[in-house]
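For the single chain, residues carry numbers from 1 onward in sequence order. These values consider heavy atoms only, across backbone and side chains, with no hydrogens, waters or symmetry-generated copies.
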Amino acid sequence: MTVLFAPAKLTTSLRVAGVRDDGLHTIDAEMVTVDLYDELHISDGWGATMEGPAIGSLDVVDLGDQNLVCRAMRRVGIEHHVRIVKNIPAQAGLGGGSSNAAAILQWSGYSDVVGAAELGADVAFCLVGGRARVSGIGEIVEPLPDADRTFTLFTPPFGCATPAVYQAWDRLGGPSGEFGNDLEAAAISIEPRMAQWRDHVASLVGQRPRLAGSGSTWFVEGAFVAEG
């Protein structure tokens, strides 16, 4: 059995640059790889299942045939069964599903960033990893010098669906974010508890947190051990 490790990504800044004719949003963002990982256990067979602490259940979930991991395997022409042990929360803005797909592509020797972005916008960055400026719909990944930085993540027990957040951004008239992320107001509009979590985190660590991607994770730079 082969075991792959798929790291989460953190979007440290995000500007929505525009909307294409096909409805997809273009961005100008900085993304970094962080040391939070899913495990992919690869064996004979076909398909993908998910288990682990991040799914909030002891059950094993069959992901079906259209999940990102299966689509990545079809892209590179391989057939395996992948058991995903989830440590990266879903719908948290941390790119867990995209990272899983990118791990399959990397393992198979696939390096086409544009092709990776066709599977999902964040798959391209996750294929490259490190620290990068990401633009277009995610397919333009420009590596940046590594930086020794520490982030503390605060993920609520609920998620934000990325398509819904971008749709809300459109409905709100395309607001700009004052704190490095244009999607903050949109995320809060579809999930009002996000504002409560933002304020709670600020009270714990003494600084205003920033939104990771489309949410629901808030983050601050630096190491904090918070209680409550």
Side-chain angles (χ1 to χ4, degrees), residues 6-19 23-38 50 53-56 68 86-102 120-126 132 134-135 137-138 149 151-205 207-222 224 226 228:
K9 63 88 185 175
L10 179 64
T11 304
T12 58
S13 65
L14 190 156
R15 298 298 183 194
V16 181
V19 184
L24 295 176
H25 296 77
T26 58
I27 62 170
D28 185 358
E30 180 190 70
M31 299 183 186
V32 297
T33 299
V34 296
D35 58 353
L36 172 64
Y37 297 85
D38 285 346
M50 183 172 64
I55 68 171
L68 275 173
K86 287 293 293 179
N87 297 300
I88 304 171
Q91 294 190 345
L94 300 175
S98 297
S99 183
N100 296 164
D122 289 336
V123 179
F125 168 75
C126 291
V134 180
S135 55
I137 58 168
R149 302 163 76 183
F151 299 97
T152 303
L153 311 182
F154 300 84
T155 300
F158 53 84
C160 292
T162 298
V165 172
Y166 275 101
Q167 290 167 10
W169 185 84
D170 290 337
R171 289 196 302 272
L172 293 172
S176 297
E178 296 180 14
F179 298 93
N181 190 331
D182 286 350
L183 296 179
E184 181 175 321
I188 292 172
S189 76
I190 67 166
E191 180 45 87
R193 289 176 294 175
M194 289 288 293
Q196 298 169 11
W197 267 78
R198 176 198 62 206
D199 296 343
H200 181 57
V201 170
S203 70
L204 291 174
V205 302
Q207 62 175 283
R208 190 193 194 281
R210 289 179 282 165
L211 183 68
S214 57
S216 60
T217 297
W218 296 98
F219 72 95
V220 293
E221 192 154 359
F224 293 89

>> One pair to check against side chain to side chain contact (heavy atoms under 4.5 Å, CB included): Val165 and Ile190. What are the steps and the verdict?
In response: CA-CA 7 Å; Val165 172; Ile190 67 166; 3.4 Å; yes

>> Going by the rule salt bridge (Lys or Arg N to Asp or Glu O under 4.0 Å), which residues pair with Asp199 if we only count those two or more places apart in sequence or in a different chain?
In response: none

>> Going by ring-ring contact (aromatic ring centres under 6.0 Å, His included), name the residues that satisfy it together with Trp169, two or more places apart in sequence or in a different chain.
In response: His25

> Residues two or more places apart in sequence or in another chain: which of them pass side chain to side chain donor-acceptor pair (under 3.5 Å) with Thr155?
Replying inline: Thr217

>> For Thr11, give me all partners under side chain to side chain contact (heavy atoms under 4.5 Å, CB included), at least two apart in sequence or on another chain.
In response: Lys9, Leu14, Ala29, Met31

> Can you find a heavy atom in the side chain of Tyr37 that is under 4.5 Å from one in the side chain of Ile88?
Replying inline: no

> How would you list all residue pairs meeting salt bridge (Lys or Arg N to Asp or Glu O under 4.0 Å) that involve residues 157-181, not counting sequence neighbours?
Replying inline: none

>> If the condition is side chain to side chain donor-acceptor pair (under 3.5 Å), which residues does Asn181 pass it with, not counting sequence neighbours?
In response: none

>> Applying side chain to side chain contact (heavy atoms under 4.5 Å, CB included), can you list everything that pairs with Pro163, at least two apart in sequence or on another chain?
In response: Ala161, Gln167

>> I'd like to check the salt bridge (Lys or Arg N to Asp or Glu O under 4.0 Å) partners of Arg149; sequence neighbours left out, ordered by chain and number.
In response: Glu30, Glu221

> Taking only residues two or more places apart in sequence or in another chain, which ones pass side chain to side chain donor-acceptor pair (under 3.5 Å) with Ser98?
Replying inline: none

>> Which residues pass the ring-ring contact (aromatic ring centres under 6.0 Å, His included) test with Phe151, not counting sequence neighbours?
In response: Phe219

> What distance separates Leu172 CG from Ser189 OG, expressed to the nearest 0.5 Å?
Replying inline: 4.5 Å

>> Can you confirm whether Tyr166 sits close enough to Val19 that some side-chain heavy atom of one is under 4.5 Å from a side-chain heavy atom of the other?
In response: no

> So, do Ser216 and Phe154 sit near enough that their side-chain heavy atoms are less than 4.5 Å apart?
Replying inline: no

>> With side chain to side chain contact (heavy atoms under 4.5 Å, CB included) as the criterion, how do Trp218 and Leu211 come out once you've worked through the C-alpha distance, each side chain's angles and the decisive distance to 0.1 Å?
In response: CA-CA 5 Å; Trp218 296 98; Leu211 183 68; 3.8 Å; yes

>> Before you tell me yes or no, could you show the steps for Phe224 and Leu204 under side chain to side chain contact (heavy atoms under 4.5 Å, CB included), namely the whole-Å CA-CA distance, both residues' side-chain angles and the distance that decides it to 0.1 Å?
In response: CA-CA 9 Å; Phe224 293 89; Leu204 291 174; over 6 Å; no

> Any side-chain heavy atom of Val205 sitting closer than 4.5 Å to one from Thr152?
Replying inline: no

> How would you list all residue pairs meeting salt bridge (Lys or Arg N to Asp or Glu O under 4.0 Å) that involve residues 180-197, not counting sequence neighbours?
Replying inline: Arg15-Asp182, Glu184-Arg198, Glu184-Arg208, Glu191-Arg193

> Just checking, is any N or O donor in the side chain of Asn87 or Asp38 under 3.5 Å from an acceptor N or O on the other one?
Replying inline: no

> Distance-only, no hydrogens or angles: does the Ser99 side chain make a donor-acceptor pair with backbone N or O of Gly96 under 3.5 Å?
Replying inline: no

>> Nearest 0.5 angstrom please: Leu36 CG to Leu94 CG, how far?
In response: 7.0 Å

> Does Gly18 offer a backbone N or O that forms a donor-acceptor pair with the side chain of Thr26 under 3.5 Å?
Replying inline: yes

>> If I compare all heavy atoms of Gly95 with all of Cys126, which pair ends up nearest, and what's the gap?
In response: O-SG, 4.2 Å

> Got a sec, which residues hit side chain to side chain donor-acceptor pair (under 3.5 Å) with Thr162, two or more places apart in sequence or on another chain?
Replying inline: Ser214

> Is any side-chain heavy atom of Met194 closer than 4.5 Å to a side-chain heavy atom of Cys160?
Replying inline: yes

> What do the steps show when you test Val32 against Thr12 for side chain to side chain contact (heavy atoms under 4.5 Å, CB included), and what is the final call?
Replying inline: CA-CA 7 Å; Val32 297; Thr12 58; 4.0 Å; yes

> Measuring from Ile137:CD1 to Asp122:CG, what's the distance to the nearest 0.5 Å?
Replying inline: 11.0 Å

